[in-house]
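Step one of this worksheet: look at the structure below.
Values in this document were obtained by computation on a predicted structure and should not be read as measured data.
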Amino acid sequence: MRIRARLSQIALILGVALATHAATGDATIPTRLSNESAECIKCHKETDRGIYEQWGDSRHFRAHVGCYECHRAAKDDTDAFEHFGTFVATIVSPKDCGQCHETEVEQFDASHHSKGARILGSLDNRLAEVVEGNNAFVTEGFPHGVSAAAVSGCWQCHGSVVKVLEDGRLDPATWPNTGIGRINPDGSEGSCSACHARHTFSAEQARHPDNCGKCHMGPDHPQKEIYYESKHGIAFLAHKDKLGMDGAKWIVGEDYFLAPTCATCHMSATKDQPVTHDVGMRISWNNRPAISIRPEQSDAKMALPGKDVPWQKRRDNMKNVCLNCHNNQWVDNFYEQYDGLLDLYHKKFAEPGKELMALAKPLLRPAEFSNKLDFIWFELWHHEGRRARMGASMMGPDYTHWHGTYEVARNFYTEMVPELEDLVRESRHSNDPAKVKAADALEAKLREVLDSRDHRWYDDNLDPAEAERREKAAQEFRERYNK
């Protein structure tokens with residue numbers, strides 16, 4: 001198994017050169033640049049010097065892969081245009097990259113990354129399209145207008161549906177765009193340049209944590225900030241010049257061991273695993289929803305091949321990364337801590353919160369986000385709840401606690417509960433018997449939640465035995481350390 005994995009690594013290292021002319025049936029390493037690319041360079045060396053220099057510093061240059069090999073197009077391609085007698089396309093899609101990088105594109109296509117643009121029909125996009133935005137950004141492709149907040153916000157990370165206008169230009173609302181799940185004119189999903197920035201396509205840059213930070217940051221998914229808070233991120237900043245991140249072969253535990261990056265854990269090679277471009281294959285929880293689910297469940301919803309890969313296998317994949325620096329007890333205990341935090345969040349806040357919101361719905365204004373309660377609940381799970389779960393998954397204690405569970409609890413007790421109580425009181429005066437009945441059901445559920453063991457402290461009704469135990473433990477601590 002290990003021998004096969006190592007051979008796979010060697011194949012990946014040589015893959016660019018060996019597969020350069022795969023589309024034309026020539027599997028040998030080309031000895032010179034194609035005539036078409038040489039013609040391109042005559043002009044672009046002068047008009048686009050920066051791009052020319054980036055390409056000259058790339059492995060593509062050393063493998064004689066030039067402009068034409070990536071940008072060539074058939075005359076009938078949707079986004080093709082004639083350029084000095086040759087048909088080319090502006091966008092280089094995963095389908096184009098897959099002519100040489102077949103394995104990588106297949107893995108990427110099976111990942112959630114490639115489906116990022118499907119958020120365009122989600123609750124998040126409704127916020128940007130309707131609540132935050134308007135239809136004032138009018139383009140030829142959007143004659144009725146589109147929200148500038150969505151175009152410059154959501155779509156730049158998740159990807160746009162690129163629209164080709166009648167004259168072959170790309171609609172300005174949808175291009176430029178390097179969103180990870182961009183839907184391209186050729187029907188492919190994704191953007192390789194979201195991570196492998198053109199035209200150098202530097203492996204070192206793709207392996208750097210900041211590369212992921214374009215999208216994985218902020219109030220609802222602060223993975224970049226969590227990473228830099230963690231011991232992993234601290235070690236990276238201390239030792240980043242010693243990690244050999246520009247190496248063709250980059251195997252954790254063999255080529256470097258002082259610190260991991262995002263790529264190390266989620267994508268890069270170990271002594272037993274090859275590189276993968278499906279970042280979900282080492283993740284054992286999907287923390288995106290209000291209540292975390294196993295990744296194979298979310299893969300099944302999107303009809304991805306990962307539906308057949310159980311979370312236990314994925315966790316073993318990640319443990320295989322961890323064990324290059326940590327022992328079995330350390331790794332196993334970490335996962336118990338992580339699962340324990342999710343269990344706390346689910347049982348104490350997410351599950352009762354979801355039930356309470358369902359019961360409150362008949363009493364609210366029907367338009368989503370037209371009620372204060374909509375925002376309270378959305379931020380509780382989408383921002384604060386995610387931060388707590390992601391903080392625990394990446395060992396960021398401040399994000400787990402102060403930006404996570406603390407804010408979940410504060411807003412549950414000081415925002416959500418009072419808002420629900422006000423809603424019950426107001427609805428009791430309704431002339432609609434259905435609303436009065438719904439108010440009674442909501443109040444009963446709220447009372448059940450607040451009387452439960454997790455929440456009874458709120459009414460100063462903590463179990464006497466537990467209160468006594470806590471006071472005794474606090475007293476013992478003071479006597480031992482307050483000297």
Side-chain angles (χ1 to χ4, degrees), residues 121-133 219-220 287-293 341-389 400-467 470:
S122 77
L123 203 62
D124 295 44
N125 204 61
R126 178 177 172 82
L127 276 168
E129 291 281 3
V130 179
V131 181
E132 305 164 30
D220 60 333
N287 292 321
R288 186 178 182 276
I291 297 174
S292 300
I293 59 175
L341 188 282
L342 263 62
D343 189 58
L344 163 66
Y345 162 77
H346 288 154
K347 287 186 167 58
K348 186 166 184 175
F349 298 108
E351 291 170 5
K354 198 170 182 179
E355 291 179 47
L356 288 165
M357 284 302 295
L359 290 169
K361 189 173 182 179
L363 306 175
L364 298 172
R365 292 167 57 92
E368 291 174 313
F369 295 109
S370 63
N371 307 275
K372 181 181 178 181
L373 191 59
D374 293 328
F375 282 94
I376 293 170
W377 169 240
F378 181 75
E379 291 190 4
L380 196 149
W381 72 262
H382 187 273
H383 288 35
E384 297 135 21
R386 280 191 188 172
R387 291 198 294 263
R389 290 173 281 169
T400 303
H401 177 54
W402 288 119
H403 294 295
T405 53
Y406 167 77
E407 293 194 2
V408 169
R410 181 194 65 192
N411 291 330
F412 184 85
Y413 293 119
T414 68
E415 296 284 343
M416 187 172 184
V417 169
E419 194 70 18
L420 289 167
E421 290 172 335
D422 288 346
L423 188 62
V424 168
R425 280 192 293 270
E426 292 169 8
S427 301
R428 281 266 169 74
H429 299 295
S430 173
N431 294 323
D432 184 350
K435 284 198 171 184
V436 174
K437 185 177 180 181
D440 289 340
L442 176 58
E443 182 182 42
K445 182 62 184 181
L446 181 59
R447 191 71 265 154
E448 177 190 325
V449 170
L450 295 178
D451 285 342
S452 67
R453 182 171 180 171
D454 279 342
H455 300 279
R456 60 192 301 182
W457 72 269
Y458 182 73
D459 289 321
D460 198 23
N461 191 27
L462 195 64
D463 178 68
E466 183 178 355
R470 288 182 176 279

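For Asp460, there are no salt bridge (charged side-chain N to carboxylate O under 4.0 Å, His left out) partners, not counting sequence neighbours. Glu415 pairs by the side chain to side chain donor-acceptor pair (under 3.5 Å) definition with nothing, not counting sequence neighbours. Every residue meeting the ring-ring contact (aromatic ring centres under 6.0 Å, His included) condition with His403, not counting sequence neighbours, appears here in chain and number order: Tyr399. Applying the side chain to side chain donor-acceptor pair (under 3.5 Å) rule to Arg470 yields the partners Glu466; only residues at least two apart in sequence or on another chain are considered. In this structure, Asp463 has no side chain to side chain donor-acceptor pair (under 3.5 Å) partners at least two apart in sequence or on a different chain. Partners of Arg456 under the side chain to side chain donor-acceptor pair (under 3.5 Å) rule, at least two apart in sequence or in another chain, do not exist in this structure. Annotation: side chain to side chain contact (heavy atoms under 4.5 Å, CB included) contacts of Glu129 (sequence neighbours excluded): Asn125, Val146, Ser147, Ala150, Trp155. Listed by chain and residue number, Arg428 satisfy the salt bridge (charged side-chain N to carboxylate O under 4.0 Å, His left out) test with Glu443 (two or more places apart in sequence, or in another chain). Judged as a side chain to side chain contact (heavy atoms under 4.5 Å, CB included), and not counting sequence neighbours, the contacts of Asp422 are Arg425, Glu426. With sequence neighbours excluded, no residue satisfies salt bridge (charged side-chain N to carboxylate O under 4.0 Å, His left out) with Asp432.
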Go through the steps for Leu356 and Leu420 under the test side chain to side chain contact (heavy atoms under 4.5 Å, CB included), then give the verdict.
CA-CA 8 Å; Leu356 288 165; Leu420 289 167; 4.0 Å; yes
Using the rule given for side chain to side chain contact (heavy atoms under 4.5 Å, CB included), can you reason through Leu127 versus Phe378, listing the C-alpha separation, both sets of side-chain angles and the distance that settles it, and then say yes or no?
CA-CA 11 Å; Leu127 276 168; Phe378 181 75; 3.6 Å; yes
Go through it in stages, so that I can follow the logic: the residues are Asn287 and Leu342, the test is side chain to side chain contact (heavy atoms under 4.5 Å, CB included), and I'd like the CA-CA distance, side-chain angles, deciding distance and then a yes or no.
CA-CA 9 Å; Asn287 292 321; Leu342 263 62; 3.5 Å; yes
Show, in sequence, the C-alpha distance, side-chain angles and deciding distance for Asp454 and Lys348, and conclude whether the salt bridge (charged side-chain N to carboxylate O under 4.0 Å, His left out) test is met.
CA-CA 6 Å; Asp454 279 342; Lys348 186 166 184 175; 5.4 Å; no
Stepwise, does the side chain to side chain contact (heavy atoms under 4.5 Å, CB included) test hold for Lys372 with Leu423?
CA-CA 11 Å; Lys372 181 181 178 181; Leu423 188 62; over 6 Å; no
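Taking the side chain as every heavy atom from C-beta outward, Leu442 and Leu363 approach each other to under 4.5 Å. Within the 4.5 Å cutoff, no side-chain heavy atoms of Trp381 are placed close to those of Phe349.
Listed by first and then second residue, the side-chain hydrogen bond (donor to acceptor under 3.5 Å, both in side chains) pairs that reach into residues 349-360 are Glu355-Lys445, sequence neighbours excluded.
Between the Asn371 side chain and the Arg365 main chain, a donor and an acceptor come within less than 3.5 Å of each other.
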Donor-acceptor contacts, no H, no angles, side chain residues 407-414, under 3.5 Å, sequence neighbours left out:
from, atom 1, to, atom 2, distance (Å)
Glu407, OE1, Arg387, NH2, 2.6
Asn411, ND2, Glu384, OE1, 3.2
Asn411, ND2, Glu384, OE2, 2.9
Asn411, ND2, Glu407, O, 3.3
Tyr413, OH, His455, ND1, 2.7
Tyr413, OH, Trp457, NE1, 3.2
Thr414, OG1, Arg410, O, 2.5

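Considering every non-hydrogen atom in both Ala388 and Leu341, the closest pair reads O-CD1, 3.5 Å. The minimum heavy-atom distance linking Ala441 with Leu359 is given by the pair O-CD1, 4.0 Å. In terms of heavy atoms, Val436 sits closest to Ser427 at CG2-O, 3.9 Å. Minimum heavy-atom separation, Pro352 to Lys347: CD-O, 3.4 Å. Across every non-hydrogen atom of Ala290 and Trp377, the tightest pair is CB-CZ2, 4.2 Å.
If you take CE on Met416 and CD1 on Ile376, they are separated by 8.0 Å, rounding to the nearest 0.5 Å. With rounding to the nearest 0.5 Å, the separation of CE in Met357 from CG in Leu364 is 6.0 Å.
Few gaps surround OH on Tyr458; more than 12 heavy atoms of other groups in view lie less than 6.0 Å from it.
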